[in-house]
Every structure is written in C-alpha cells, then in structure tokens.
Amino acid sequence: MASHALRLHPLLFSAAAARPAPLAARPGGGARRVHRRHSLAVVRCSSSAAQALKIKSIPTKPVEGQKTGTMFQQENYLANWIQALFNSLPPEDYVGGTLVLGGDGRYFNKDAAQIITKIAAGNGVGKILVGRNGLLSTPAVSAVIRKRQANGGFIMSASHNPGGPDNDWGIKFNYSSGQPAPETITDQIYGNTLSISEIKTADIPDVDLSSLGVVSYGDFTVEVIDPVLDYLELMENVFDFQLIKGLLSRPDFRFVFDAMHAVTGAYADPIFVEKLGADPVDYILNGVPLEDFGNGHPDPNLTYAKELVFTMFGSGAPDFGAASDGDGDRNMILGRRFFVTPSDSVAIIAANAQAAIPYFQSGPKGLARSMPTSGALDRKLSICGEESFGTGSDHIREKDGIWAVLAWLSILAHRNKDKKAGERLVSVEDVAREHWATYGRNFFSRYDYEECESESANKMMEHLRDVIAKSKPGEKYGNYTLQFADDFSYTDPVDGSTVSKQGLRFVFTDGSRIIFRLSGTGSAGATIRIYIEQFESDASKHDLDAQIALKPLIDLALSVSKLKDFTGRDKPTVIT
C-alpha cells in the first residue's frame, strides 16, 4: 500500500496531544508529521435509501501521545479529525446542508479533498462546493460561504509554511458566517478525537476536480466551482475598479505582484490583468500555483520574497510591489526602494479608506489590531490588521491579502487621479511619509528566530516569566523606565472565553514596548519572535532606519531574554 509522510499544521493541532489550538490566537502548537494511507479498511456496509448511497463504517481508534515533531504512522489520521468534527457539530449544522472545500494548492490537498468529500457524504451533508483543482484562497472560502449561505467550509492550508512531501500540511474549519470555528467547537473536536471508534464514509468514486460542473450521487451533490468568481464579485463591490484601472493603464505607473507560486496565482490574472488592465507580461512573479510553492517558503516578507525585494530595490524599480502568502490571507507592500511595515500599512489604509474606497464611504465602523501590532492604528481609531502581514476588513471574516493590495492601489489611484501625463506621481513613500507627519511614526521591527530547539526556547520564556514576576513599575531598564510587565491574556467580549499566554510584554513609560512570543506553527522546532516598538513624534527623526532607531530597545530585548545564552543563536532568521 503506497504511503507518504505529511505534517498536519497547528491550525488544526496544537502542541499538546494534537489538541486543536484556539483559532483566533494559535499561541503555540506545532506541526504534525502524518503517515498517509489512501485506502481505508471496511468492516461493514449499510445502504442509505434516503441518500441512495452506500455508507461504509470504518473502524478506527484515537491517535494518542502526539507531540510536536513526532512521526506518526497511524492510519486514518486526517479521517479521524474530519469525523470528529462532524461528531462535534449539531446535526442541523450540516445534515442536508452545504459545505465549502478548498485550499492553497499544496501537496496532498487533492487527495485530502477526496477523503473529506466522502466523509462529508457519509455523514449526511447534502452538497460540497469545491474549488477547481481544490483551489480556494482562505478569504475566498469565507466569501463563498457568505455568498452561498453555506453551513461552513474546510480550508486545506498550512498558511505561510512550506509545502511538499516532506513539509507542512494543515486544515481548519470555518463556520456559517465565514469565520474560523470558535474554541467551543475546537475543544469538542479534540474531545471526540480521544474517543472516536468509527468513520462514516460514502462509497463513491473520486470526483474530477479539474472540470467545472455538478455531479450527484443520490441526494449528495458535488459542485466544482470557479475559485475566483464569487471573490472577484465581492472585490468589485468593495473597490472602484474603474479608478484602479485608470492608474494601472498609465504608461508612467508600473506594478508587480509576487504570488510566490501559491494560491493567489490563480487570482492574479483574472483580477489584475483581465479586470484591471495590468501589463500581462511583467506584472506578475511566480504566478503558477505549485504543490511545493516552487520549493520556496510562501511567507511574504523581506527574507522569503527575495525576487520581489530585488526587483523593488533595484535600478528601474516599479512604482508599486506586493506579495501574498500560501493561502492568500497575508500581504507585503513595497514602494520603489521603500518597505511599508504591516503595522504602518493597516494604519495608512484606515486613514485613507473613506476617501479612496467606496465600501468605506461612510467611514470605517471600527478598527482592530493584534496585540503585538504597533500602536500606529490606535492614533486614528471594519478595518483590522496584524504585524505578521495580515490585513482585512468586515467584507469577510478572514484576513485578505489581495484586499490589502487593492486597498493600496485604490489609495494611489485616488491620490493620482488628477495627475496629468508628465507630472510626478504621488508614490507609496509619499503616502507613508505624509502619514508619519500627521500622526507620528511608530518605529517597529520583528525578529524571528526560526527552528529553535524547543526545550531551550521554552526555558528562555520561563526565564522571562520569572523576570516579569519579580519586576516592579518604575524599575530602570537602561534608559527606559518600566510601566508594567505581564503575560498577556485576552477575554473575548462576545463569548467570554479567555486565551492566555499570548505574549510576554515589557511596556515602558514612554510607550516603547518589547514583546516575546513563542510559536510552533512550523514543522521543525519552535520560532521565537521578538517585537520592538517605539513612537517618535519628531518629524526630523522619521527618516531614520528602523534598525538604527530601535537599536537600544533591540539590545535591551536580547540582554533581558538572554536569547543567545539559551538558544545559541546570534542573529534572527527574519527581520521585519
């Protein structure tokens, strides 16, 4: 029996015994390696007259003792979780209902789509809407759920982590408003994985995912849909496409988009070329989705989007550059030889949205950011964003990379709509500097130390917790005076749930911050992230390089954490 090694991403499983991580935070967790077997042994069969389907009951047992990085060779690993999900949902949430299915195009997605489809049929789902070739970006899944009034949807993605036979694979479930499933559901899924004994699957052939159309098996239907159309329609309702088209058609404006061989490659031509008139020859980099992302790391930052960075900082650079990640919910924005931090990006979009984006013509309803994201957004306080290159609004219930690119194109188009041929255009850098002049500049940087040895990384975090426990307001840390230090926790104002250990914070009286977080969303070891922020109101200092402006805080962070002593690392893998 053929088999392959895979890892399940912690969007589904956290570090402790494959427990589903809270999807709103994903505090730690870790990737899982899975031994996949395509066939499932059948013990008994029953005929469902109502569905005219043969439903097979497959014996299984819980997968126990799972820890980060462990090699798993149990059968039915993915199938167990899918069945546990159905066991966790009220029947009225799926029986006879419609579910959406798609993903980022990584290795194993097509096989996984067949497994999920058959188990969905076996549990009484009425219809599956699946993207052609299994492709649907994370924001597109949310959009399709909302437009088609589906009961929910599966997203097959390990986000910005590498793909391929020896790399990451992941899955998550979104609910009927297009939002990630709440912790109450993920906790139930985990509980059911501990007691699962059978998998219900329909005895139907594999679905041809390459052709649009509908196929029915009794009362169960699979519709292969265009992965772009519903999402494109939504974008046309949010943005003024004619305004953007006017900018992209100018001979004095050049735009380049890096899809990183990930899912947004399927969206780039229909949106940027066919609808908006971008140059089809040289506007797109790495535009073909590949199962291993071209052997790359589909994380849109200055380290991994090397080709785009080289293009935007080279001679004859385009006016505007952007990239998106594996599943299309993150973005990076660049001007000509100018990098816009994610924290600044969301703040600038918020400041310009009402004038430039029709969806916000009455003004944003509200604004939100993740805790580590710089306070730049607070200075204007829907639009939301995070420092890890995620930006979006309430048009869907996910972050949205292409939305952010279209938002920036809208801002530039609005600012340049009256510029005549030959006049100097307002640039990305101009927009950013004008923003700083108005609101001040939040110097911000993030240091990522990837693939650290987990035990050493945890010891470093425990050391910092000990420092925090002994700290007192007013203590001096070099030239900085401590206002408070804590281990951040968050209580959801809607459902009252609390998520703890979300970051170790050192906040100083001048507003400067140092934050330490430990992440396990990759397949090898742990990632230590250090966030450094300092506000500067003096416009004469806004031209400083962030690494220079923040050097005293960076040095303080490395000293307080003893990072090199614990990990042996003397430089970060990624600097944002």
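Just the heavy atoms: all of them, side chains too, but no hydrogens, waters or symmetry mates, feed the values below.
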Just by distance, do the side chain of [X] and the backbone of [Y] share a donor-acceptor pair under 3.5 Å?
X: S142; Y: G178; value: yes
X: S176; Y: G152; value: no
X: D104; Y: R106; value: yes
X: Y267; Y: S137; value: yes
X: N151; Y: T98; value: yes
X: D344; Y: V340; value: no
X: S427; Y: D430; value: yes
X: R132; Y: L209; value: no
X: S445; Y: T576; value: yes
X: H261; Y: V288; value: yes

Just say parallel, tilted or perpendicular for the rings of [X] and [Y], cut-offs at 30° and 60°.
X: Y175; Y: F173; value: perpendicular
X: H542; Y: W436; value: perpendicular
X: Y531; Y: F444; value: tilted
X: W403; Y: F360; value: perpendicular

Flag side-chain contact, heavy atom, 4.5 Å: [X] against [Y]:
X: V214; Y: T221; value: yes
X: V273; Y: I284; value: no
X: I411; Y: I349; value: yes
X: R148; Y: I225; value: yes
X: S159; Y: D325; value: yes
X: R146; Y: L234; value: no
X: P572; Y: D448; value: no
X: F339; Y: L334; value: yes

From [X] atom [atom1] to [Y] atom [atom2], the distance as rounded to the nearest 0.5 Å:
X: L99; Y: K127; atom1: CG; atom2: NZ; value: 12.0 Å
X: L135; Y: D327; atom1: CG; atom2: CG; value: 12.0 Å
X: D279; Y: R254; atom1: CG; atom2: CZ; value: 9.0 Å
X: E423; Y: D418; atom1: CD; atom2: CG; value: 9.0 Å
X: L308; Y: M332; atom1: CG; atom2: CE; value: 5.0 Å
X: N109; Y: I155; atom1: CG; atom2: CD1; value: 11.5 Å

Within a 6.0 Å radius of atom NZ on K275, are there more than 12 heavy atoms belonging to other residues, nucleotides or ligands? no
Might you confirm whether atom CD of Q149 has over 12 heavy atoms from other residues, nucleotides or ligands at distances under 6.0 Å? no
Before giving the answer on side-chain contact (heavy atoms from CB on, under 4.5 Å), spell out for L247 and F320 the whole-Å C-alpha distance, their side-chain angles and the decisive distance to 0.1 Å. CA-CA 11 Å; L247 176 69; F320 178 69; over 6 Å; no
Please walk me through it: do R433 and D543 pass salt bridge (charged side-chain N to carboxylate O under 4.0 Å, His left out)? CA-CA 9 Å; R433 291 191 181 282; D543 287 340; 2.3 Å; yes
Does the pair [X]/[Y] count as a salt bridge with the N-to-O cut at 4.0 Å?
X: R336; Y: D319; answer: yes
X: R441; Y: E536; answer: no
X: K417; Y: D240; answer: no

Tell me the closest heavy-atom pair linking [X] and [Y], and the distance in Å.
X: E236; Y: F241; result: CG-CE2, 3.6 Å
X: V224; Y: V207; result: CG2-CG1, 4.3 Å
X: S345; Y: I333; result: OG-CG1, 4.0 Å
X: P180; Y: K172; result: CG-NZ, 4.0 Å
X: G328; Y: P139; result: O-CG, 3.4 Å
X: A262; Y: P289; result: O-CG, 3.5 Å

Would you please test H160 and N301 for side-chain contact (heavy atoms from CB on, under 4.5 Å) and show each step? CA-CA 10 Å; H160 56 286; N301 58 46; over 6 Å; no
Stepwise side-chain contact (heavy atoms from CB on, under 4.5 Å) test for D400 and Y231: CA-CA 11 Å; D400 191 343; Y231 177 80; 2.7 Å; yes
Give the intermediate values and the outcome of side-chain contact (heavy atoms from CB on, under 4.5 Å) for residues D292 and Y107. CA-CA 6 Å; D292 63 352; Y107 181 84; over 6 Å; no
